[in-house]
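Notes follow the structure.
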Amino acid sequence: MKVLSVVGARPQLVKLAPIAAAFAETEHQHVIVHTGQHYDADLSDVFFTGLGIPDPDVHLGVGSGSHGVQTGSVLSAMDPVLEREQPDWVLVYGDTNSTLAGAVAAVKQHIRVAHLEAGLRSFNRRMPEEHNRVLTDHAADLLLCPTEEAMRHVANEGLAERSVLVGDVMVDVCMKVRDDVLAGAGIRPELPAGIDPDQPYLLATLHRAENTDDPERLAGMLEALASLPVPVALLAHPRLVSRAEKFGLKLTQGALHSGRPLPYAGMVAAVLGSAGVVTDSGGLQKEAYLLGRPCTTLRPETEWPETLVDGWNHLVPEPQSFADFTSLATRAAPAAERGAPYGDGQAARRVVDVLGKS
Ligand code: UD1
């Protein structure tokens with residue numbers, strides 16, 4: 001079997017790591033295509049080196065652009081690659097523009113598509129990710145779902161026959177890296193200047209278009225974070241940096257100290273070292289949950305509702321006008337045990353197995 005993975009953005013590289021490792025244990029051929037949606041070393045290269053992912057076989061180099069330009073560029077650049085490679089499966093990951101373009105390119109050439117992390121829904125039609133994941137699920141031949149909830153969503157949309165519950169590959173990678181960090185592999189995260197790693201701090205990220213692209217909303221969120229009574233390490237995505245510059249907003253102010261995004265192991269170490277997480281990232285909400293740190297999510301909804309159980313995660317769409325934001329963001333970890341809604345850490349092996357048998 002020959003499987004061609006299409007990746008392009010940071011969270012896809014994290015998911016690719018356990019998949020590439022699982023393929024390496026088999027005779028199957030695995031081809032990696034990097035679309036180039038993310039091109040900064042902080043968002044791309046460090047994930048290949050840090051997570052031991054083989055270099056991409058093909059790099060499309062599409063870069064940034066409007067949704068139409070970015071999606072269209074990947075779509076047209078994929079044509080010759082698929083004609084040449086003729087894979088048995090195209091495997092697409094998550095919900096980015098690279099995901100949708102990879103799926104559509106394959107469908108047009110009658111190549112079977114498998115969607116990893118299928119069935120997630122925010123039901124918020126304003127999110128570009130929601131369009132990408134719904135359209136990709138309906139184009140795909142095989143829906144690889146991470147949770148029971150995702151299975152229910154695809155069943156409600158008439159896609160049950162094409163779906164399989166495999167668990168979440170993020171558990172595979174997160175638990176492995178956590179064990180390395182705890183085993184004292186010497187991983188010290190480079191936290192922003194002004195953050196003392198030996199004193200309590202909160203870890204924050206903010207990158208969603210809904211939060212970063214409106215100047216008033218972004219200013220309000222930054223002020224709310226800056227007024228917290230604990231130092232806040234803000235790991236700034238380039239999108240946040242560019243919007244803050246454009247709107248004349250300071251990313252370092254009050255309690256807020258901004259620095260560069262971290263490689264994956266550094267991120268896991270930074271979560272483990274923190275008192276809690278404040279974020280609008282899907283991946284980080286789940287990493288906080290898996291690593292046992294309370295999370296406050298700056299969005300009106302989440303695709304990972306399992307994290308909300310027992311208060312491990314709380315949704316705060318408007319921290320600037322939410323009176324209890326301070327006590328919520330600085331709350332202690334709940335005493336309740338967490339279940340294992342995201343699987344057993346063997347999802348990637350299951351994915352390879354299901355592809356081989358389908
Ligand atoms: C994309 C995904 C989002 C995912 C996120 C993870 C879509 C629609 N969104 O959002 O689901 O959560 O990746 O990070 O696909 N930029 C750089 N360097 C880079 C990449 C981006 O400076 O290497 C800047 C550019 O100003 C660019 C902006 O970030 O215009 C947005 O990049 P883009 O790839 O369009 O989306 P993300 O916000 O990263």
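As the structure lists them, so they are numbered: ligands from 1, and atoms in each ligand from 1. Worth knowing before you read on, the calculation uses all heavy atoms, side chains too, and leaves out hydrogens, waters and symmetry mates.
- Taking the six-membered ring where the residue is Trp, the centroids of Phe123 and His153 are separated by under 6.0 Å.
- With Gln12 contributing its side chain and Ala9 its backbone, the two residues share a donor-acceptor pair below 3.5 Å.
- At a cut-off of 3.5 Å, with distance as the only test, no side-chain donor of Tyr93 or Ser98 sits close to an acceptor on the other residue.
- Shown are Tyr342, Tyr289, Trp312; of these, the ring pair (Phe, Tyr, Trp, His ring centres under 6.0 Å) with Trp304 is made only by Tyr342.
- Ser281 and Glu287 share no donor-acceptor pair across their side chains, judged by distance under 3.5 Å alone.
- Taking a cutoff of 4.0 Å between a charged side-chain nitrogen and a carboxylate oxygen, Glu210 and Arg217 do not qualify as a salt bridge.
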List, for ligand 1, each N/O atom that has a protein N/O partner under 3.5 Å away, with both atom names and the distance.
from, atom 1, to, atom 2, distance (Å)
ligand 1, 11 (O), Glu129, OE2, 2.8
ligand 1, 12 (O), His207, NE2, 2.9
ligand 1, 13 (O), His38, NE2, 3.3
ligand 1, 14 (O), His237, NE2, 3.1
ligand 1, 15 (O), Gln37, NE2, 2.9
ligand 1, 15 (O), Asn97, N, 2.8
ligand 1, 18 (N), Tyr39, OH, 3.4
ligand 1, 18 (N), Asp40, OD1, 3.4
ligand 1, 18 (N), Asp40, OD2, 3.2
ligand 1, 23 (O), Tyr39, N, 2.8
ligand 1, 23 (O), Asp40, N, 2.8
ligand 1, 34 (O), Gln37, NE2, 3.0
ligand 1, 38 (O), Arg239, NH1, 3.0
ligand 1, 39 (O), His38, NE2, 2.7
ligand 1, 39 (O), His237, NE2, 3.0

